[in-house]
Protein chains: 2
Amino acid sequence: MNLRDLKYVVAVADSSHFGHAAERCYVSQPTLSGQIKKLEDELGITLFERTKRSVAITPVGETIVAHAREILEQAETIRQLAQSHQDPLVGPLRIGAIMTLSPYLMPLILKPLRERLPQMRLVISEEMTETLLERLRKHEIDAALIATPVDTSEFATIPLFDEPFWLAHPRNHPFQEKKAITQKDLDNTELLLLSEGHCLADQAMEVCHMKARAEQGDMADLHAASLETLLQLVGVGFGCTLVPDLAVRGIRMNDKDIVTRRLQQKDAFRRVYPAFRRSFPRRQALDAFIEVLLDNLPDTVFRLS
Amino acid sequence: MNLRDLKYVVAVADSSHFGHAAERCYVSQPTLSGQIKKLEDELGITLFERTKRSVAITPVGETIVAHAREILEQAETIRQLAQSHQDPLVGPLRIGAIMTLSPYLMPLILKPLRERLPQMRLVISEEMTETLLERLRKHEIDAALIATPVDTSEFATIPLFDEPFWLAHPRNHPFQEKKAITQKDLDNTELLLLSEGHCLADQAMEVCHMKARAEQGDMADLHAASLETLLQLVGVGFGCTLVPDLAVRGIRMNDKDIVTRRLQQKDAFRRVYPAFRRSFPRRQALDAFIEVLLDNLPDTVFRLS
DNA sequence: TAGAATTATCGGTTTTCCCTATATCGGACC
DNA sequence: GGTCCGATATAGGGAAAACCGATAATTCTA
């Protein structure tokens with residue numbers, strides 16, 4: 001059996017005429033006759049009762065043609081599905097981003113994306129780096145926007161931009177008096193940090209030359225679950241923290257209890273990039289997404305391409 | 001696209017392994033790889049994201065595989081349908097019979113049929129000869145049990161049996177006195193007849209050497225629509241009529257007002273046979289039906305084979 | 001670094017499919 | 001009754017496809 005055979009059968013059933021059916025299928029009449037006969041032999045039944053003068057479908061043939069029609073319809077559906085997905089930009093692009101980036105980056109690019117790539121559907125998820133990479137491995141997402149170096153033998157990466165860290169401290173904090181925040185000020189300063197697994201915590205510790213988390217112990221219960229929570233703590237004078245650039249923009253405008261300050265250090269930034277499977281078949285979609293992203297970054301971050 | 005291709009795709013989707021999928025499809029791995037690739041090219045999309053180490057299905061692939069599964073299931077249904085109809089005895093045999101035969105013949109053979117050919121489903125209809133032949137032409141029935149010669153260039157026929165006519169007259173009719181009913185008695189006797197189109201009417205007239213119907217005129221309103229009605233008329237003394245043998249059996253037992261008499265004439269019978277399309281593909285089913293029919297006829301009719 | 005596992009590629013063979021030409025059959029027309 | 005027309009079936013040859021075995025290429029494992 002064969003999709004082509006079924007098409008022939010349906011054509012004959014529709015026209016009750018081998019010649020016309022053959023014409024409709026763009027083959028010669030002997031070819032169509034032969035294929036129908038072949039199928040009848042294969043199935044062991046007679047589909048059409050034919051005389052030299054007329055063609056009539058048998059009762060079994062009738063039911064079989066009904067199924068054949070459904071099959072051909074399904075096949076057409078498959079072709080249509082494929083057709084509409086042929087443009088690699090069409091169809092959902094599943095992007096995961098770390099939680100300290102996503103809420104501040106996505107608002108910047110979603111509207112431009114809809115304008116520039118209206119046919120692209122974006123599915124966004126927020127997870128911690130490790131979870132993102134795991135989902136990437138399981139093909140649950142197509143790219144992970146992260147800020148931690150990954151094993152490039154497993155995933156491909158494209159550096160997008162360097163995002164500076166800002167210091168956020170309460171209005172009445174000792175730092176308030178200082179004109180500029182130097183590396184020395186930060187060294188071993190106790191910072192409020194996100195909970196385990198968030199790369200921002202590791203990055204902040206690195207910037208401040210803090211000891212590894214495991215040795216701290218006593219501060220464990222101050223690790224917050226989100227940047228928003230962290231900023232709430234800063235706002236009520238609990239301490240200070242580092243905030244990535246894109247997240248700062250909202251704070252400065254809305255929160256009078258929090259002061260955000262540029263850092264003097266040159267290495268106080270994190271590098272943001274997408275990680276994706278090398279075998280990911282829709283690079284074009286990803287590239288288009290990245291282009292729109294880069295075009296809509298504020299000047300406070302440093303584009304790398 | 002191709003049923004085979006879809007089978008390959010589903011196999012790969014199931015096993016996530018080209019080699020195993022190939023094994024399951026009884027082809028070599030290169031063949032399967034090649035066909036999958038061909039299909040992907042044809043559809044213009046990537047169905048599977050493969051590395052040297054793993055195979056994962058793409059989102060589009062997932063939906064397409066779902067449709068492919070349905071298609072393969074339908075195809076399997078077609079094969080099963082064909083399988084179960086492969087035995088030509090299986091499946092409905094649509095028999096039409098004239099109304100003066102069907103009610104008296106069918107009760108004789110239905111039970112034996114169910115015993116001998118339990119898998120055969122019989123669909124019976126009762127019509128006048130012309131209507132039966134028309135339905136035969138339209139493939140609405142597979143055989144017509146009739147008693148009028150037909151153009152054997154159009155349909156094939158098989159003589160089954162000769163069915164004698166009996167005379168039915170009221171108990172107090174002049175015929176009552178006669179020892180035997182001769183051809184002379186019948187000649188130009190006015191008989192109660194069935195309405196236009198029933199072959200029994202024509203046959204009765206022939207037996208009695210009656211004038212053609214068109215010239216009678218005054219008797220038109222005595223033409224009844226069924227043999228049962230006719231016998232009711234005989235029962236209340238309205239006249240006499242000819243009754244085919246198989247129909248007589250019920251009368252003799254049940255009706256005390258009607259006398260049934262054998263006729264002396266040798267030609268007072270009708271020949272019963274099935275007519276069927278020469279191209280009818282299930283001769284075996286028809287032959288089997290005929291065999292059971294012949295085996296269960298009473299000795300009062302004369303089997304012809 | 002060798003070996004095992006897995007998919008892709010290549011060359012040659014077999015099978016299937018298709019076309020043209022022709023046979024065959026039934027009906028229509030003269 | 002003979003001839004033509006319309007329809008399906010059959011035959012032969014050529015083109016396309018599908019298939020296989022061998023092998024390359026790549027990646028993970030030991």
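We name chains A, B, ... by the order of the sequence lines, and we start the count at 1 in each one. Just so you know, these numbers come straight off a predicted model, no measurement behind them.
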TODO: Using a strict cut-off of less than 4.0 Å between a Lys/Arg side-chain nitrogen and an Asp/Glu carboxylate oxygen, indicate whether Asp202(B) and Arg270(B) qualify as a salt bridge.
DONE: no
Open item on the list: So, applying side-chain contact (heavy atoms from CB on, under 4.5 Å) with Leu6(B), which one of His67(B), Met1(B), Glu70(B) is it?
Closed with: Met1(B)
Task: Nearest non-hydrogen partners of Leu145(B) and Leu160(B), listed with the distance - done: CD2-CD1, 4.0 Å
- [ ] Using a cut-off of strictly less than 4.0 Å between a heavy atom of the residue and any atom of DNA chain C, enumerate the qualifying residues of residues 9-26 of chain B by number.
- [x] His17(B), Phe18(B), Gly19(B)
Open item on the list: Within a 6.0 Å radius of atom CZ on Arg278(B), are there more than 12 heavy atoms belonging to other residues, nucleotides or ligands?
Closed with: yes
- [ ] Mind checking the CD1-CD1 spacing from Ile45(A) to Ile78(B)? Nearest 0.5 Å is all I need.
- [x] 9.0 Å
Open item on the list: Please check: side-chain N/O of Gln203(A) versus main-chain N/O of Ala147(A), any donor-acceptor pairing under 3.5 Å?
Closed with: yes
Task: Leading and trailing nucleotides of DNA chain D with any atom under 4.0 Å from heavy atoms of chain A - done: dA7(D) to dT10(D)
Task: Distance, rounded to the nearest Å, where Leu47(B) contributes CG and dT7(C) contributes C1' - done: 16 Å
TODO: Please name all residues satisfying salt bridge (Lys or Arg N to Asp or Glu O under 4.0 Å) with Asp287(B), sequence neighbours left out, ordered by chain then number.
DONE: Arg283(B)
Task: Distance-only donor-acceptor check, side chains Arg135(A) and Ser125(A), under 3.5 Å - done: yes
Task: Selected nucleotide, minimal atom distance to Arg50(B) side chain, candidates dA8(C), dC18(C), dT9(C) - done: dA8(C)
Open item on the list: Distance check needed: dC18(C) P versus Lys37(A) NZ, whole Å only.
Closed with: 17 Å
Task: SB check Glu40(A) Lys37(A) (cutoff 4.0 Å) - done: no
Open item on the list: Could you work out, with side chain to side chain donor-acceptor pair (under 3.5 Å) as the rule, every residue matching Ser279(B), not counting sequence neighbours?
Closed with: Glu49(A)
Task: Separation between OG1 of Thr148(B) and CG of Leu200(B), rounded to the nearest 0.5 Å - done: 10.0 Å
- [ ] Take the protein atom CD of Glu49(B) and the nucleotide atom P of dT6(C), then report the distance between them rounded to whole Å.
- [x] 18 Å
Can you give me the N/O atom pairs linking the protein to nucleotides 14-17 of chain C at distances under 3.5 Å, or say none if there are none?
from    : atom 1 : to      : atom 2 : distance (Å)
dC17(C) : OP1    : Arg4(A) : NH2    : 3.4

Which atom pairs link the protein and nucleotides 21-27 of chain C when you take only N or O atoms and keep those under 3.5 Å?
none

Task: Rounded distance [0.5 Å steps], CG in Asp5(B) versus CG in Leu32(B) - done: 9.5 Å
- [ ] Might you work through the side-chain hydrogen bond (donor to acceptor under 3.5 Å, both in side chains) test for Arg282(A) and Thr58(B), ending with a clear yes or no?
- [x] CA-CA 10 Å; Arg282(A) 287 164 62 223; Thr58(B) 60; over 6 Å; no
